[in-house]
Trainee: 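Dumping the structure here so I can ask a few things about it.
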Amino acid sequence: MRKFTFIAFLCTLLLVSCNQEEHLGTSSTENKSGIVFKLQKQGYEGVSSRASETETSLYDQLYYFIVNENGDKVKNIKSYYEAATSEIYTEGLHKGEYRLVVLGIKGNPTADQAIIHTPEHIQDEWLEFPADLQKPLEAEYFYSQTPFSIVEQQTEEGIQEVASIPEEVTQKRIVSRVDFDFAYQNPYVGYAVTDKSLALEDVRFYTTLSGNGDLGGESNGTMDVLSLNQQTSYLFMPLCNGSTLHGDINLSTCNYRKENRKQVYSFEQKELAPNHIHLVETQVNHPDDKAVTMFITPAAYNQGEHSLILQDTERKEVYTDKTVRCFNTAQPLQVSVTEEGKLHTRFYSPRKLTNVLIKMQLPQVSEEFFDLAYFDSIPAFGDFWEEIPLLQRAAMCRTESGRYIEIQKKTASELSQAVLKIESDDPYWSKLQEIKHGWTIYWGLYGGDPEKEDGGPVGNWMGIRPVHCRESVALFLNFTYMIDMPEHEQILHDNAHQLYDDNKQLVKVEEVLKKMRASRTLQVGLVYPGNGIIGLGGGSTFGAYQRGWFEHYFNRYACSVMFHELGHVMGYGHSSSFTYGPWAEQLMNNFYVDNIQQMPIDSRDYLNSSQNPYQYK
């Protein structure tokens, strides 16, 4: 306890001003002499909480009054609450025994239809909720009752009135919090959940609080069905005597094969203590518990904290390392089993892919493939790693013939022998599958430095950045798709007289197609335009200036630069039609731009590189 000394005010003006008790919610510039009560909230007790946790807190609303030893409200005093410091200041009390009663509210009581009465006696009703309120509470309500006394003491200056009060005044919630949780034997069942709801049955809650802290009243027992999809914690008033919190938890799932199931779990919570957290945990027992298939919904993908490749903040040492950043356009979705027994998928694509089923075949088990993983969607440039369930337990597997087989737990070494294949009904996947003659692409700096503002140019090269790497993925997916389009082959036949080499000799269409479809590996870079050069190509080298990478979708000139350099890669020089001639500057660039809507990457909007803050200015 601590003691505060104050002298009764004799000034007539001051006595007049204190005739009525004042409750102020803002800071006061008046003399802060008198009694000071420091308020604080106590943390929740029970599950996932520490009873000792307290915090000095600003309430959204605060009500209080002081009663004498008979429980009557004391009047004709001056008192106010300073929200900024969570302190109550009181002046005008004299010798006697008192109690400070506080009701603090965190949140909006209007949403709870709460009524705040004005008690005249400590036993009067103070807080009231409707008996027919059919939803949990949204605000938190705190209560405290603090006894203190004022006595007379003889001092050198005469008789003084001294107040003895607690160091701090702690409020506890009158409400209870109930947390609803689910324990899944198979985590992928949890990711298959489409709806969770709570239906309570004839539960009776207290509806009133009196000044002395007594609970009373009774709700009518009806409660709306509560969703547990986003919100899993709810606030309730304590249960009336003889009542329990009971009802049904409804769980709906839809697995990767679009099979819907609904389960109902009954529960009963016998006590709701004020200022406590109570946990209602549902042990889910589901038909898919023993299934092996990894059902990767967006929630599962996010939960795994999987990453993306070729992002703007990726280090140059990573995206220019051929051992970790390299792909073939005929296989943009790379799928493998790691040495640790994890499924790894890496997607070189500016677009997402939906409805992806990965199947596995284990030679030591069966000749049939079985469903290993199903992705609702794989994000653009997604990089996914997750342990295969067979590494931890035996599982039931659905084979291609539709039968189910049980596969025993496997080691990482055994899983590394697996054969994988990919299926998807996404039209985008169909386009990617039409890329028959893939080119292998990786990236190089060619001496440039992407960490410098000007790209650290060396000769005709500057440091390529991820924003350009992503665009090169788009360009080469489109190019290698284009070379097998019937319309593309037809335009070559229709213009066979314009296809000539550096000696002005006509090149057969079959020869042009053969060179375009030949297996190639290119190190892609970014050309520095400061020397008047906007493209470089030949052999295994391919580079273009920034504008070319950003505008190949629609800019016919920029697109001709790309095909000019591709002509060099195919082995042709500047005297051929494949560089400064019809193939690059009339046929290919126009065909590409005019048919962009048919390409796998049919819009610049997927990457929107021209608005990217990491481009060179």
Side-chain angles (χ1 to χ4, degrees), residues 44-49 59-61 63 103-119 124-143 171-182 193-211 213-252 262-282 284:
Y44 277 109
E45 302 174 70
V47 177
S48 302
S49 68
Y59 290 104
D60 293 302
Q61 294 185 32
Y63 303 87
L103 172 64
I105 303 175
K106 192 71 174 174
N108 180 15
T110 303
D112 300 328
Q113 302 177 45
I115 300 174
I116 312 297
H117 297 287
T118 305
D124 291 347
E125 191 173 278
W126 197 4
L127 173 65
E128 179 184 7
F129 301 104
D132 60 353
L133 184 66
Q134 297 182 11
K135 65 182 188 65
L137 301 177
E138 295 187 25
E140 293 182 299
Y141 300 83
F142 296 78
Y143 172 83
Q171 289 76 53
K172 292 185 177 182
R173 295 167 180 82
I174 65 169
V175 299
S176 176
R177 194 182 98 188
V178 183
D179 292 351
F180 295 89
D181 196 12
F182 296 81
V193 172
T194 57
D195 185 66
K196 301 191 295 287
S197 64
L198 169 67
L200 297 176
E201 300 175 359
D202 192 28
V203 181
R204 308 283 173 159
F205 303 101
Y206 286 117
T207 58
T208 64
L209 171 76
S210 64
D214 289 342
L215 298 175
E218 184 176 303
S219 65
N220 64 8
T222 60
M223 182 70 66
D224 294 336
V225 174
L226 303 177
S227 172
L228 298 176
N229 294 325
Q230 302 298 326
Q231 183 175 347
T232 57
S233 296
Y234 285 100
L235 298 174
F236 302 97
M237 285 289 283
L239 295 167
C240 294
N241 289 334
S243 184
T244 63
L245 186 74
H246 63 281
D248 292 332
I249 292 176
N250 298 286
L251 184 72
S252 298
K262 183 175 181 179
Q263 297 180 302
V264 179
Y265 296 87
S266 297
F267 79 97
E268 182 179 38
Q269 175 69 33
K270 295 184 177 180
E271 179 189 22
L272 292 187
N275 206 58
H276 274 67
I277 297 175
H278 299 278
L279 176 64
V280 175
E281 185 174 64
T282 301
V284 177

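Starting from 1, each residue takes its place in the sequence as its number. Below, each value reflects all heavy atoms present in this structure, side chains not excepted, and no hydrogens, waters or symmetry copies.
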Trainee: With sequence neighbours excluded, tell me which residues meet side-chain hydrogen bond (donor to acceptor under 3.5 Å, both in side chains) with Asp202.
Mentor: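 For Asp202, the residues satisfying side-chain hydrogen bond (donor to acceptor under 3.5 Å, both in side chains) (neighbours in sequence not counted) are Arg204.
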
Trainee: Name all residues meeting the side-chain contact (heavy atoms from CB on, under 4.5 Å) criterion together with Ala131; count only those two or more places apart in sequence or in a different chain, and write none if there are none.
Mentor: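 side-chain contact (heavy atoms from CB on, under 4.5 Å) check on Ala131 returns nothing, list empty.
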
Trainee: Does Asn275 use its side chain to pair, donor to acceptor, with the backbone of Arg173 at less than 3.5 Å?
Mentor: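 A pair under 3.5 Å: yes.
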
Trainee: Go through the structure and list residues passing side-chain contact (heavy atoms from CB on, under 4.5 Å) with Ser266, not counting sequence neighbours.
Mentor: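 Counting only residues at least two positions away or on another chain, Ser266 forms a side-chain contact (heavy atoms from CB on, under 4.5 Å) with Asp248.
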
Trainee: Would you list the pairs meeting salt bridge (Lys or Arg N to Asp or Glu O under 4.0 Å) in which at least one residue belongs to residues 219-244, sequence neighbours left out?
Mentor: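 Listed by first then second residue: nothing to list.
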
Trainee: With Pro109, which residues qualify under side-chain contact (heavy atoms from CB on, under 4.5 Å), at least two apart?
Mentor: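 side-chain contact (heavy atoms from CB on, under 4.5 Å) check on Pro109 returns Gln61, Ile105, Ala114, Tyr141.
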
Trainee: What residues, two or more places apart in sequence or in another chain, satisfy salt bridge (charged side-chain N to carboxylate O under 4.0 Å, His left out) together with Glu128?
Mentor: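 Salt bridge (charged side-chain N to carboxylate O under 4.0 Å, His left out) list for Glu128, sorted by chain: empty.
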
Trainee: Locate the shortest heavy-atom distance separating Met223 from Leu200; write the atom from each residue and the value.
Mentor: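 So the two residues come closest at CG-CD1, 3.9 Å.
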
Trainee: Residues in side-chain hydrogen bond (donor to acceptor under 3.5 Å, both in side chains) with Glu125, at least two apart?
Mentor: His117

Trainee: Does the distance from a Lys or Arg side-chain N to an Asp or Glu carboxylate O, for Asp112 and Lys135, drop under 4.0 Å?
Mentor: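 Salt bridge between Asp112 and Lys135, a charged N being under 4.0 Å from a carboxylate O: yes.
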
Trainee: Could you check whether any side-chain N or O of Tyr143 sits under 3.5 Å from a backbone N or O of Gly213, counting only pairs where one atom can act as donor and the other as acceptor?
Mentor: yes

Trainee: Answer yes or no: is there a donor N or O on one side and an acceptor on the other, between the side chain of His246 and the main chain of Gln269, under 3.5 Å?
Mentor: no

Trainee: For Glu218, enumerate each residue passing the side-chain hydrogen bond (donor to acceptor under 3.5 Å, both in side chains) test, keeping only those at least two apart in sequence or located in another chain.
Mentor: none

Trainee: Please report, to 0.1 Å, the donor-acceptor pairs under 3.5 Å made by any side chain of residues 233-241, with sequence neighbours excluded.
Mentor:
| residue | atom | partner | partner atom | Å |
| --- | --- | --- | --- | --- |
| Ser233 | OG | Asp179 | OD1 | 2.6 |
| Tyr234 | OH | Ser227 | O | 2.6 |

Trainee: Which residues pass the salt bridge (charged side-chain N to carboxylate O under 4.0 Å, His left out) test with Glu281, sequence neighbours left out?
Mentor: none

Trainee: Which atom pair, heavy atoms only, marks the closest approach of Leu133 to Gln113?
Mentor: CD1-NE2, 3.6 Å

Trainee: Suppose we screen for side-chain contact (heavy atoms from CB on, under 4.5 Å). Which residues come up paired with Lys196, at least two apart in sequence or across chains?
Mentor: Phe182, Tyr184, Val193, Leu228, Asn229, Leu251

Trainee: Looking only at heavy atoms, which two atoms of Phe205 and Leu245 are closest? And how far apart?
Mentor: CZ-CD1, 3.9 Å

Trainee: Applying side-chain hydrogen bond (donor to acceptor under 3.5 Å, both in side chains), can you list everything that pairs with Ser252, at least two apart in sequence or on another chain?
Mentor: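 For Ser252 there are no side-chain hydrogen bond (donor to acceptor under 3.5 Å, both in side chains) partners, ignoring immediate neighbours.
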
Trainee: Would Tyr44 and Glu140 count as a side-chain hydrogen bond (donor to acceptor under 3.5 Å, both in side chains) here? Give the steps.
Mentor: CA-CA 11 Å; Tyr44 277 109; Glu140 293 182 299; 2.5 Å; yes

Trainee: Nearest 0.5 Å please: distance from the OG1 atom of Thr244 over to the CD atom of Glu271.
Mentor: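 That separation rounds to 12.0 Å.
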
